[in-house]
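Step one of this worksheet: look at the structure below.
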Amino acid sequence: MRISVVGTGYLGATHAACMAELGHEVVGLDADPAKVALLSRGELPFWEPGLDDVLQRALATGRLAFTADPADLADATLHFLCVGTPQRADSPAADLAQVNAAVDSLLPHLGHGRVLVGKSTVPVGTAASIADRVAPTGAHVAWNPEFLREGHAVEDTLRPDRLVFGVRDAADEALLREAYAPIIATGVPVLVTDFATAELVKVSANAFLATKISFINAMAEVCEATGGDIVTLSAALGMDPRIGPQFLRAGLGFGGGCLPKDIRAFMARAGELGVDEALMFLRDIDDINLRRRQHTVDLAVSALNGSPAGRTVAVWGAAFKPESDDVRDSPALHVAQALHDAGARVVVHDPRAMDNAQRLFPSLEYAPSALAAADGADVLLLLTEWREYVDADPAEAWRRMRHAVVIDARNALDTESWRSAGWTYRALGRPAS
Ligand code: UDX
């Protein structure tokens, strides 16, 4: 099939390369010519494990191309909309500027038999309003939410848990089934539904995941007040198959370009729909999440005997999670900046996200290695659980520090080996000793 993909961020670049991998002729459109040039050379503007291989393989077949000119998309039957929907600067709602601009740029090239397929996470009702806008061209709209996780984008795209097709026309469903035929042939379930349900599946999935994380972090707060241990509590809860172990890792909480802004946009949309009470609990989910960041700052300040000014804080991790260079709403950088603002000298290391972090947080210092970040520090904060940090030798790190206090804000380190190497070990939701 001839396919276009509008927007080449984490979602769009992955989708374009994977669709070409499935055998389709794909053109990826991005308004940024520098990004187009990079992708056309087989280079990624971000870090995503395994995606560079798929991209280079697809480019070599000649089935994948990138452009900044919407006219190059005119031959495509399916146009996948993969642009970002960040939080608005002036409210918690989603900013649909990129979605609207993408639809505008496609309008002159749409016609009968063409389908605009939304993958971006949008407020419920967006698909219907886009359908109204494109109706005069004769084209249709479908909604096909994407559930990919950064760090696992290729795997999640080629081997998804499920495919959701929000359609108004059986012919559009047939086209989507054709596009995803090799994936469907492996037994991946397809749910065919209306626009609203398709849009809601995505936001409610993210709301549920955020709820699970904040639930366990709320229990961590209770553990802190009672001497309980959140790691054991979480393990015991996760063994109940009705609960399950995933997304029950207590710690610094969720960040990134999706969960935080998606729950806020969902609440904002519920308000517009007059069902704000139904999602009122998401306010608590957001608050619990942000409290963990403040609690980590407080723990660090207390490790510095209440006076961060002039003291050195080593920070391991800047990305919002491991295996990503994404620093959007990163809990790690939130904590690092707060300690800097409190007067500490903050030295950050991250295996992949240093450039992005440095651009957004230029007042923090950046070290070339994890051990270099620890040099002469008064406290070490593990804020993103990269394998490299989890596997680090605590004895070697100990020798670099002025005061060997570690705050394991992801409950990821081996407590015993750090303690026996001489460290004062503190974690979130766990007893102090
Ligand atoms: C998320 C959804 O998982 C994905 O389905 C959707 O398409 C996009 O949003 P992503 O933002 O890539 O994906 O990250 P995810 O793996 O969900 O992690 C989100 C945040 O939660 C990270 O900051 C992570 O550190 C944190 N997290 C995750 C926890 O604090 N505890 C957990 O148990 C799991």
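Keep in mind that this is a model prediction, so the values were computed, not measured. Numbers here simply count residues along the sequence, with the first being 1. Both counts, for ligands and for their atoms, begin at 1 and track the order of listing.
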Closest approach of any protein heavy atom to atom 23 (O) of ligand 1, naming residue and atom: Phe320 O, 2.9 Å
Asn217 versus Ser214, side-chain donor and acceptor atoms under 3.5 Å: no
Shortest heavy-atom approach to atom 32 (C) of ligand 1 - which of Lys212, Arg149, Gln246, Arg249: Arg249
Heavy-atom nearest neighbour in the protein, as seen from atom 17 (O) of ligand 1, with distance rounded to 0.1 Å: Phe247 CZ, 3.2 Å
Heteroatom distance test (Pro331, ligand 1): nitrogen or oxygen, under 3.5 angstrom: no
Contact check, Gly253 vs ligand 1, heavy-atom distance below 4.0 Å: yes
Test: Asp329 and Arg293 ion pair at under 4.0 Å: yes
Short N or O distance, Glu385 and ligand 1, threshold 3.5 Å exclusive: no
Cationic N near anionic O, under 4.0 Å, Arg400 to Glu396: no
Subset of ligand 1 atoms that lie under 4.0 Å from at least one heavy atom of Glu146: 7 (O)
Contact (N/O only, under 3.5 Å) between Leu209 and ligand 1: no
Check ion pair Arg311-Asp378 (N to O, under 4.0 angstrom): yes
Arg63/Glu25 under salt bridge (Lys or Arg N to Asp or Glu O under 4.0 Å): CA gap, chis, key distance, verdict: CA-CA 5 Å; Arg63 288 197 304 266; Glu25 298 271 337; 6.0 Å; no
Ligand 1 atoms in contact with Leu248 (distance to a heavy atom under 4.0 Å): 33 (O)
Nearest non-hydrogen protein atom, atom 9 (O) of ligand 1: Cys258 CB, 3.1 Å
Closest protein heavy atom (residue, atom, distance) for atom 6 (C) of ligand 1: Leu148 O, 3.4 Å
Heteroatom distance test (Phe147, ligand 1): nitrogen or oxygen, under 3.5 angstrom: yes
Worked verdict on Arg387 versus Glu323 for salt bridge (Lys or Arg N to Asp or Glu O under 4.0 Å): CA-CA 9 Å; Arg387 192 79 246 162; Glu323 298 303 330; over 6 Å; no
Lys202 touching ligand 1 at heavy-atom level, < 4.0 angstrom: yes
Qualifying residue for side chain to side chain contact (heavy atoms under 4.5 Å, CB included) with Val379, from Val315, Val313, Leu339, Thr312: Val313
Least distance between heavy atoms, Trp316 atom then Ala373 atom: NE1-CB, 4.2 Å
Distance from atom 20 (C) of ligand 1 to nearest protein heavy atom, with residue and atom: Phe254 CB, 3.5 Å
Closest protein heavy atom to atom 1 (C) of ligand 1, given as residue, atom name and distance to 0.1 Å: Leu259 CD2, 4.0 Å
Region of Asp262 engaging ligand 1 - heavy atom pairs below 4.0 Å: neither
Selection from Arg292, Arg410, Lys321 by shortest heavy-atom distance to atom 15 (P) of ligand 1: Lys321
Donor + acceptor pair across side chains of Thr121, Lys261 (<3.5 Å): no
Part of Leu252 with heavy atoms under 4.0 Å of ligand 1, whether side chain, backbone, both or neither: neither
Axial cation check for Phe320 ring with Arg328, 6.0 Å and 45° limits: no
Electrostatic pair Glu150:Lys321 at N-O distance under 4.0 angstrom: no
Identity and distance of the protein heavy atom lying nearest atom 2 (C) of ligand 1: Asn206 OD1, 3.6 Å
Ile213 N/O under 3.5 Å from ligand 1 N/O: no
Aromatic contact, Tyr389 with His349 (centres under 6.0 Å): yes
Arg292/Glu224 salt bridge by N-O under 4.0 Å criterion: yes
Ligand-side contact atoms (ligand 1) for residue partner Glu150, heavy atom cut-off under 4.0 Å: 12 (O)
Sub-4.0 Å heavy-atom contact, Gly256 with ligand 1: no
